[in-house]
Amino acid sequence: MIQHVTVVGGHGRSGEPDGVERVEFAMGDVVAIVGPTGSGKTTLINDIELFADANTPTGRRVLFDGVPAPMEFRDDPARNPIALITQNTTFLSDLPVAEFLETHARIRCVETQQRASVVARTLAFANELTGEPISEASRMTELSGGQTRALLIADATVVCDAPIVLLDEVENAGIHRTRALQLLRRQRKIFLFVTHDPRITLLADYRIVMQGGRIRQVLRTDETERGLASAVNRLDDVLARLRDRIREGGRITAAEMEGVA
Amino acid sequence: MKLIICAGPATTGKTAVLRHLIRKLQARGQKPAFLKIDVQYAEEDEQFAREFGIPTRKVYSGELCPDHCNVMVLGDALQWASSANCDVLMVETAGLCLRCSPYVDGGLGLVVLEATSGMNLPLKVGPMLSLADVAVVTKIDRISQAEREVFRARIQDVAPGVRIREVNALHGIGIDPLVARVDAQADVNGPLLLRGNPPVGTCTICVGKKEIGWQSHFGVVRALENQTFYRGE
């Protein structure tokens, strides 16, 4: 079992080196990756998922327990320690959901007799996160953006069961993101979230700040921020209630704004 | 002389993969030559000659299928590459009917497939995939990791012995394992044989005569240097 993952700094788009020599993630760490759009957040998690070894445009290297990824991480998805949920929420494959999950479970080496239950648990997990439930018979190409994202999060957690989970902008997908984070945080893994969301950021142990394609700095969540987290959550809950009211076709009243206006 | 034959459906990124491969092989002191076999239009030879200063050629197969054309001209092409003092011949061919495959025993067969092409593609391309040594999967940045792994499973179902290499040919990510594979490849030697059985037909290749070089065939043939001509009684 992997204990820690290290990103050895490379450089940004203009060649300017990363602001830190290395960043080390220990098992159980929850890390946010923040920065303006185009600042290199997705590139950073892609470097990790590609097991970069000074062979990607950033020149970064990723080490697992201090050494580069062995070839079997690439050759055998069952040995791949990383589950990545990208921002791509369109599926191109025309398979039914159950067949897709079954095939993925097979290549991730889930035992034959357990596959049906893994598929069922994955769907149940996904359906906790979406408004409109996904059925086994739906085709992957028919799913909405939110349904796809929910299914991918469930797939990463149940099918892949990987020790390292990379999530690119969980908040953008129209899913119950606080529920997703609660479900995910029950598991002891390294979580890296690309995010613009204050609530998710304050859940993290520390955050990596990106700028111009490079790692600008690493900020540990401090006592002041932790103390403010519950106020941020209340504010976020108010916004979530407003979103729900609008989705349900309701009107916004002073009742939803309780505590802020 | 090492021989690399690269096949794959149109627009999957064969040229992009070879471009990165040539760059890396050159950096290691190897001298590649490049032959493009296409039906009616190609400019990769001119691009590669300009970019890398290597010997390049193209052959339009015209009335012939590109895989048949490959059988005809490959013997000549190896001599051409050898006389240009090269040590790797790369052949890029646009397979057409999906019933033949262009790979040759002793050469390295690469098939380039795009991850975005749908889960049934591996079932549709026949010997172009199943007789290859390595399946290079391109455009991996366009789909989710889960979908990429399911695509890998679909390839393995059809072609369990084929190594799968996922690359992002736009940025040259994942090319190094291909370079290592080329390094490990032995030189081609002696009379070359086509790896697969071409489909049943009436031409000498289709009926199972696998010898490389137009000199071994009859009917309408062609050499590297000229257009098709008739050879026989």
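Chain letters run A, B, ... following the sequence lines, proteins first and then strands; every chain starts at 1. Small disclaimer: the values here were computed from a predicted structure and weren't measured.
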Interface residue of largest heavy-atom contact number with chain A, from R152(B), R154(B), H171(B), under 4.5 Å:
R152(B)
What residue in A115(B), S144(B), A146(B) has the most heavy-atom pairs under 4.5 Å with chain A?
A146(B)
Contact origin within [X] toward chain B - heavy atom pairs under 4.5 Å:
| X | result |
| --- | --- |
| N55(A) | both |
| M71(A) | side chain |
| E102(A) | neither |
| L50(A) | side chain |
| N80(A) | side chain |
| A83(A) | both |

Rounded to the nearest 0.5 Å, how far apart are CD1 of I173(B) and CG of N46(A)?
7.5 Å
Rounded distance [0.5 Å steps], CD in E147(B) versus CE in M140(A):
6.5 Å
Partner chain B: residue of L84(A), D75(A), I85(A) with the largest heavy-atom pair count (under 4.5 Å)
D75(A)
Just give me the residue among T103(A), L95(A), L151(A) that pairs up with chain B most often, heavy atom to heavy atom, under 4.5 Å.
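That would be L95(A).
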Side chain, backbone, both or neither of [X] within contact of chain A (heavy atoms, under 4.5 Å):
| X | value |
| --- | --- |
| I143(B) | both |
| D141(B) | backbone |
| R142(B) | backbone |
| I140(B) | side chain |

So, do R106(A) and D157(B) sit near enough that their side-chain heavy atoms are less than 4.5 Å apart?
yes
I'd like to know whether [atom1] of [X] has more than 12 heavy-atom contacts from other residues, nucleotides or ligands below 6.0 angstrom.
| X | atom1 | answer |
| --- | --- | --- |
| R79(A) | CZ | no |
| R163(B) | CZ | no |
| E132(A) | CD | no |
| Q40(B) | CD | no |

Ignoring hydrogens, what is the shortest heavy-atom contact between I107(A) and Q156(B)? Give both atom names and the distance.
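Looks like CD1-OE1, 3.8 Å.
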Please report the closest heavy-atom contact between Q145(B) and I82(A), naming both atoms and the distance.
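So the two residues come closest at NE2-O, 2.9 Å.
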Report the C-alpha separation of D155(A) and E149(B) in whole Å, then their side-chain angles, then the decisive distance to 0.1 Å, and conclude whether the side chain to side chain contact (heavy atoms under 4.5 Å, CB included) test is met.
CA-CA 12 Å; D155(A) 173 272; E149(B) 291 178 3; over 6 Å; no
